[in-house]
Amino acid sequence: MDGSSIKFVECANLPTNEVTHVIISPCADGIIHSLNSIGVNTILAEKCIFLTEAECHHADMQCVHLGNNEIFVLNECKKLKRQLEDLKFNVNTTQRSAKRDYPHNVPLNVCILGDTMICNPDAVDKALLKKYSKIIPVKQGYCRCSIAVVSQNAVITSDEGIYRALKNSDIDCLKISVGNIELPGFDYGFIGGCCGKLSKDILAFSGKLESHPSSDNIKTFLRNYNVYSENLNNEKLIDIGGILPVMEGKIV
C-alpha cells in the first residue's frame with residue numbers, strides 16, 4: 001500500500017476503498033489479530049474508568065466519526081485524542097463529561113448516515129448536536145451500538161423504536177431478532193457493536209454471523225445492496241463496541 005494513497009473515509013461508516021485504519025476496543029484481541037493479518041491498522045480505544053466494565057473499552061462509546069478528518073471524542077479520552085491528532089484528524093471534544101449511568105454515558109453514541117444523524121437528542125452532547133440539522137430522533141440512547149450500517153440508505157437493527165422511526169424515512173431498515181450477541185455484563189449485545197465495513201462491499205463481523213438466527217435475512221439484505229459479510233473468527237458474535245472505519249486506501 002502506497003502511504004500517499006491513504007485518506008480519511010469521506011462518508012462516516014461508509015468506505016469506498018479498502019479500509020486501512022479502524023478504531024476498536026483494545027480488549028478484542030482475536031479481532032485485532034484478524035484485522036492486522038489482512039493489513040488493517042487498529043487504533044485502540046482506551047479504558048474509561050467512569051463507564052461500566054462491560055463498555056469501558058468500547059470505541060462507539062468514546063468517539064464518533066463525522067466523515068473526512070472530523071471526529072468527536074469524549075473529553076476524558078486524552079490518549080485516544082492524541083492518537084487521532086497524530087493521524088491528522090480534527091478532533092472535537094464533548095462539552096460535558098460522560099457519567100456511568102444511562103443516558104449520561106452515551107453522549108456520542110449516535111449513527112451518522114451522510115448528512116443525517118440518528119440519535120436520542122436528549123442524550124447527545126450539545127456540541128455534536130449542533131453539527132447536524134437533519135436529525136432522526138429515537139428514544140434509544142445506544143443508537144450506534146444498535147445499528148449496523150450497510151449503505152447510506154440501508155441499516156440493520158433489532159431495536160423496535162429505531163425500526164419504527166426509520167419506516168417514515170428514506171432509509172431501508174431490516175429488523176432482526178433481539179439477542180444472540182454476547183456482551184459480558186449484559187443480557188445481550190447489539191448488532192452495531194459487532195461489525196463494521198472494511199470496504200464498500202464488505203461488512204465484517206466480530207464472530208460468526210451464522211450463529212445469529214437472523215443470519216439468512218441479514219445476508220439477503222446485504223446482497224440487495226451489493227454487500228457481503230465476512231467473519232473475523234468462528235466464535236459466537238460478540239459486541240466489542242464496533243469496528244469503526246476511519247481511513248482507507250487504494251492499492252496502487
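Nothing fancy with the numbering, it's 1 onward along the sequence. Treat the numbers as computed from the prediction; the structure is a model and nothing was measured.
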Taking the inter-plane angle between the rings of Tyr142 and Phe186 on a 0 to 90° scale, is it parallel (under 30°), tilted (30 to 60°) or perpendicular (over 60°)?
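Perpendicular, since the angle between the ring planes exceeds 60°.
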Phe221 and Tyr225 aromatic ring geometry - parallel, tilted or perpendicular at 30°/60° bounds:
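Rings of Tyr225 and Phe221: tilted, as their planes differ by 30° to 60°.
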[X] to [Y] - nearest heavy-atom pair and separation:
X: Met61; Y: Leu74; value: O-CD1, 3.4 Å
X: Ile135; Y: Pro121; value: CG2-CG, 4.4 Å
X: Leu174; Y: Ile218; value: CD2-CA, 3.8 Å
X: Arg96; Y: Ala123; value: NH2-O, 2.9 Å
X: Lys131; Y: Glu70; value: NZ-OE1, 4.0 Å
X: Gly141; Y: Asn120; value: CA-CB, 4.1 Å

Is a side-chain N or O of [X] found less than 3.5 angstrom from the main chain of [Y], in a donor-acceptor match?
X: Gln62; Y: Ala45; answer: no
X: Glu85; Y: Val91; answer: no
X: Ser5; Y: Gly249; answer: no
X: Asn109; Y: Cys145; answer: yes
X: Glu76; Y: Cys48; answer: no
X: Asn13; Y: Ile112; answer: yes
X: Lys78; Y: Asn75; answer: yes
X: Asn36; Y: Val40; answer: yes
X: Asp239; Y: Gly241; answer: yes
X: Gln152; Y: Gly114; answer: no

Is the count of non-hydrogen atoms from other residues, nucleotides or ligands lying under 6.0 Å from [X] atom [atom1] greater than 12?
X: Glu10; atom1: CD; value: no
X: Asp216; atom1: CG; value: no
X: Phe50; atom1: CZ; value: yes
X: Lys236; atom1: NZ; value: yes
X: Lys219; atom1: NZ; value: yes
X: Lys126; atom1: NZ; value: yes
X: Asp86; atom1: CG; value: yes

Identify the residue among Val9, Leu35, Leu244, Ile43 that makes a side-chain contact (heavy atoms from CB on, under 4.5 Å) with Val22.
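With Val22 as partner, Val9, Leu35, Leu244, Ile43 yield a single side-chain contact (heavy atoms from CB on, under 4.5 Å), made by Leu35.
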Which one of Leu129, Ile147, Ile118, Leu128 satisfies the side-chain contact (heavy atoms from CB on, under 4.5 Å) criterion with Val110?
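Going through the options one by one, the only one that passes is Leu128.
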Distance in Å, [X] [atom1] paired with [Y] [atom2], rounded so as to fall on 0.5 Å steps:
X: Ile32; Y: Ser37; atom1: CD1; atom2: OG; result: 12.0 Å
X: Leu237; Y: Leu183; atom1: CG; atom2: CG; result: 12.5 Å
X: Arg144; Y: His58; atom1: CZ; atom2: NE2; result: 13.0 Å
X: His33; Y: Asn233; atom1: NE2; atom2: CG; result: 11.0 Å

Examine [X] and [Y] and state if one hydrophobic cluster contains both, with Ile, Leu, Val, Met, Phe, Trp and Tyr joined whenever side-chain heavy atoms are less than 4.5 Å apart.
X: Leu198; Y: Ile24; answer: yes
X: Val73; Y: Phe8; answer: yes
X: Phe89; Y: Phe72; answer: no

Side-chain contact, heavy-atom cut-off 4.5 Å: Lys47 with Glu53?
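Lys47 reaches Glu53 side chain to side chain.
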Just wondering, do Asn105 and Arg100 contact through their side chains at under 4.5 Å, heavy atoms?
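A side-chain contact is absent here, since even the closest heavy-atom pair is not under 4.5 Å.
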Considering only distance and modelled atom types, tabulate donor-acceptor pairs under 3.5 Å from the side chains of residues 155-165, sequence neighbours left out.
from	atom 1	to	atom 2	distance (Å)
Thr157	OG1	Ser146	O	2.7
Thr157	OG1	Asp159	N	3.1
Asp159	OD1	Gly161	N	3.0
Asp159	OD1	Ile162	N	2.8
Asp159	OD2	Gln140	NE2	2.9

